[in-house]
Amino acid sequence: MTNHWVDIKNADLVLIMGGNAAEAHPCGFKWVTEAKAHNKAKLIVVDPRFTRSASVADVYAPIRTGTDIVFLGGLINYLLTNDKIQREYVVNYTDLSFIVKDEFAFTDGIYSGYNVDKRSYDKSSWDYARGDDGYVKTDPTLADPRCVYNLLKQHYTRYTPEMVERVCGTPKDKVLQIWDMIASTATPDRAMTIMYALGWTQHSIGSQMIRTGAMVQLLLGNIGISGGGMNALRGHSNIQGLTDLGLMSNLLTGYMTLPGEKEQDFEAYIGLRAQKPLRPNQLSYWQNYRKFFVSFMKSWWGDAATAENNWAFDYLPKLDKQYDMLQAYELMNQGKMNGYICQGFNPLAAAPNKAKLSASFSKLKYLVIMDPLATETSEFWKNYGPLNDVDSSKIQTEVFRLPTTCFAEENGSLTNSSRWLQWHWKGAEPPGEARSDLEIMAGLFLRMRDMYRKDGGAFADPIVNLTWKYAQPHSPDPEELAREYSGNALKDLADPKDATKITRKAGEQLAGFAELRDDGSTASGCWIFCGAWGPTGNLMARRDNADPTGIGQTINWAWAWPANRRVLYNRASCDPHGKPFNPKRKLIAWNGAAWAGADIPDFKVDENPENGMGPFIMNPEGVARFFARANMAEGPFPEHYEPFESPLATNPLNPNQPQAMNNPAARVFAQDREAFGKADKFPHVATTYRLTEHFHYWTKHVRLNAIVQPEQFVEIGAALADELGIGNGSRVRVSSNRGHIEAVAMVTKRIKPLTIEGKTVHTVGVPIHWGFLGVAKPGYLANTLTPFVGDANTNTPEFKSFLVKVEKV
Amino acid sequence: MALQSLDIIRRSATTLPEPQARGAHAGQVAKLIDVSKCIGCKACQVACMEWNDLRDEIGTCTGHYDNPHDLSDQSWTLMRFAEYENPKGDLEWLIRKDGCMHCADPGCLKACPSPGAIVQYANGIVDFHEENCIGCGYCVTGCPFNVPRISKKDHKAYKCTLCSDRVSVGLEPACVKTCPTGAITFGSKEDMQQHAAERIEDLKSRGFDQAGLYDPAGVGGTHVMYVLQHADQPQLYSGLPENPKISAMVGLWKGISKPLGLLAIIATAAAGFFHYIGIGPNETDEQDEEAARRELEKTP
């Protein structure tokens, strides 16, 4: 979230699209209710199904799954054509005036630099033009045909209301009604928030869907303001913490990135990431990358990380490619990865294409499961009749099941969607032989280290030199780890302005990342978390809900990254002179000497606004980007591509270019491409989702949850049910080209057939929660159906759009 | 299970005067269910099961979100989902939390023949005291909302207590405590009516011209009230009755049958008494005894 849950109450308009907050985030949804009840906010829901969120919406519109860029691209076109943009905001705070290189081009859905064989782009043309002074050329009048404004306008001219109706199936009158409501927030006194979740991320063009939403918000001046923002609703209580701490194959902590295999040179590695400003007097905060990185390396490798060895840069693996979960299961399937430690994850249910997963796990030598529950993955080898029809005698994988504690049985911090690190305390002792994940991982590490010490190895240094200074080495405390990721001084730190003054003594916790240094005198395991456990103690444990300004800025409740800031980019809530655009919900303001207010300023605190520093300090531009430069895999502007399994034969936006049918930059493994189905055999469009009664595959083990939603079902519109002669409550078979499931048919008016390119398209809803283990009625794993392909940038699987066939059983 | 801190003002099947020294000076209580804020998450169902230590069966899916499918001795509240296409052609998903309405004039209590099995407290809560229940099921007939359920296990009647145990110590009912969107609120009936009025104004501003409060007069008003988007058509909400009234049978039972029955009992007793006074006790003689002995011997 750029903003936070409580701040949603300040919205005048709430758009829920690519998510179903009432269903999947019922507790956070209370802030939507608050906005409606006490701020007269209107709620818009755009979704393939009439959802629980839709049930309390003022306006609902259906949309074909996977076509959100068409809807939002049409909206961009509408806002630009009708001049419903917050001009002062976009001219000063975005790159609309920036001039783009002449070489950059877009033809028939494909950007310049495409290599069809590699399915990737040479992105060198995707950049701004530079002037003689080295800075990006701009045209504040927005007249230059090569400025981002005109390229953007040009790009979305094809996205008309008629096109939206043709591609999305959303009736034109509803489209225009919604666009008109959204356009009303282009004024400084009105704010719209966008709430989205996996309904946007789980597409092969998911990242670009989210970008399109963000672009709409920028045009309306809704980023950085109270009641606005792009608010990603995280589906696990700590999934925000997962990416923050770098638990992705290509990340280090705090969104630093691992070097690629060509990045053997330390200075070049830093240089690429510590980007110089692209415009005069911009902060470009990532210029501090070296401080964050060195402090991180000191945290991990302590004395072994020195200036002489580039802070142990050689210890880091250099990536030849992304090792996301799809890549990992592909490698297992090829027999190239033969051991797997599966911690707190149930991939047999949670990754796409169960048949492929089962085959992949069957080729492993060993599989270690760390989980509080008996997961389907831990019993993938066991026959459960049609629900898991495997021949155990043919599977040689040795499976170890290590029972772990659950979150309520340990202390620790959870990072929620609002980026709040909230400390929690153990509520119960773990049962039986369960051990904490920390204890298990520590045991594994200590044994490995002993082996490396004794026997040596190809490259023992990173293992034997890892910092491990816990009071009980076999069982580190969550408190010890929290102090470590927050960070401390390794030497006495002198004031840079006055060397005689010591600002922080050796061993003291640091108050924030501004104290980090690149000379090895500070350590911080995750720079964005620096200060969470500061000199005054554990700020995550704070529980003061005082809200002095009344706009929900409870800044003494827990601790938010970065720097306890609650609304990101909050400098943009003020005009170029530092006055709040909307004084009624003032976050910060320039008081003549400093920036201050209800939030921690996301800006240089003493920077006079007249100097022209932009509010988007993490970007070298100083402003927000409509033109993503080389940061996205498939292009600088979001373009609609059909899902890999589409009911259409061509992409209506680019009908003459077959390469532009699906995301041209998405990685597709050969075997998986063959497993895609076609509309002639699988005519129905399916989408998977969660239900409020359950949490993933956990709560089918819980009697109370099983009572309120006991048995697997699929949702089918009344029209399709009539066509196929399916009665409500009868059993149906849903098949894709990868397998089939059987479930109870829930025939509903909440799913309507859509008319797409003149043909009727039916949507089938497949909730995900059932499996062959637990106390709920046994069911099929929904991912039996889903395709093994992901977003081109993140490789998040395309769980939300695929083709199936529904039949009566 | 009489609670010391809640004063009973009415008991089923008794004419004894109730203790009157204490009263509900903070006013009568009410739970307000704002259907327009409800997202049907069923947290209230789970909270009810947890607080009251109830566990219904793990059932089946019959093509509806309603689970369990009906109220039972183990399910004292449940969400009922109704799909409604309004005259504008827009779909509405009307989700109503069903359960005891805690009528000011409770049909169950009136119908109940067992002394003290059903009571009404001074704060308005209608409660079942199962230790006095004889399982006759009259409360089911007496209820205009079809709420009480007879347990197959112990043949006693069960329903929502409005968490009288929690309310008696100053807590809100469990469902209210857990409701994530604030769709369920609890307080004095007056406050709840006032809160409802604000909500109705908001709904009217959103185009629900017929938004209103459901507090039906036919049962003297209720201590569980609904804010409805379509107060003119309560039946849209999974058959919420338009004009709930206590069944005529209960009226007949309480109004005519019961007095008549009582009269009949008294008349029989009186007839016996007068027979005794006028004719004397019935006695047997030798011949009668002999005939009886012969009859007995005949039986194998």
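Bear in mind the structure is a predicted one, so any value in this text is a computation, not a measurement. Residue numbers start from 1 in every chain, and the chains themselves are labelled A, B, ... in the order their sequence lines are given, proteins ahead of strands.
Counting non-hydrogen atoms of neighbouring residues, nucleotides and ligands closer than 6.0 angstrom, the CD atom of B:Glu201 reaches no more than 12 such neighbours.
Taking all atoms of both residues into account, the shortest heavy-atom contact from B:Arg199 to B:Ser36 is NH2-OG, 3.2 Å.
Looking at A:Ile8 and A:Met1, their side chains come closer than 4.5 Å, going by heavy atoms from C-beta outward.
Counting heavy-atom pairs closer than 4.5 Å to chain B, the top-ranked of the candidates A:Ala776, A:Ala22, A:Ala54 is A:Ala22. Across A:Val744, A:Ile707, A:Thr692, the residue that shares the most heavy-atom pairs under 4.5 angstrom with chain B is A:Ile707. With chain B as partner, the option from A:Lys36, A:Lys42, A:Lys40 having the largest number of non-hydrogen pairs under 4.5 angstrom is A:Lys36. If you tally non-hydrogen atom pairs under 4.5 Å between each of B:Glu85, B:Glu92, B:Glu198 and chain A, the highest count goes to B:Glu85. In terms of heavy-atom pairs under 4.5 angstrom with chain B, the leader among A:Val775, A:Thr748, A:Val747 is A:Thr748. Highest contact tally toward chain B, considering only A:Glu693, A:Lys30, A:Arg750, A:Lys749, is held by A:Arg750 [criterion: heavy-atom pairs under 4.5 Å].
Scanning residues 715-731 of chain A against chain B with a 4.5 Å non-hydrogen threshold yields A:Glu715, A:Asn728, A:Gly729, sorted by number. For residues 71-82 of chain B, a heavy-atom distance under 4.5 Å to chain A picks out B:Phe81, given by residue number. For residues 144-163 of chain B, an interface with chain A (any heavy-atom pair closer than 4.5 Å) does not exist. Within residues 696-706 of chain A, the residues that have a heavy atom under 4.5 Å from a heavy atom of chain B are A:Arg703, A:Leu704, A:Ala706, listed by number.
A:Lys777 contributes a side-chain N or O that, together with a main-chain N or O of B:Ile58, makes up a donor-acceptor pair within less than 3.5 Å. Using modelled atom types, one side-chain atom of A:Glu711 and one backbone atom of B:Cys61 make a donor-acceptor pair closer than 3.5 Å. At least one donor-acceptor pair under 3.5 Å links the side chain of A:Thr51 to the backbone N or O of A:Ser53. Within the 3.5 Å criterion, the main-chain N or O of B:Ala30 finds no donor-acceptor partner in the side chain of B:His223. With A:Asp547 contributing its side chain and A:Gly552 its backbone, the two residues share a donor-acceptor pair below 3.5 Å.
One distance of note links OG of A:Ser418 with CZ of A:Arg234; it measures 11.5 Å at 0.5 Å rounding.
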Discussion item. Salt bridge (charged side-chain N to carboxylate O under 4.0 Å, His left out) for A:Glu742 and A:Arg733? Distances and angles first, verdict last.
Written reply: CA-CA 4 Å; A:Glu742 285 181 19; A:Arg733 171 192 288 246; 3.5 Å; yes
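Using modelled atom types and a 3.5 Å distance limit, the side chains of B:Gln229 and B:Tyr84 yield no donor-acceptor pair.
Between A:His694 and A:His769, the gap from one ring centroid to the other is short of 6.0 Å.
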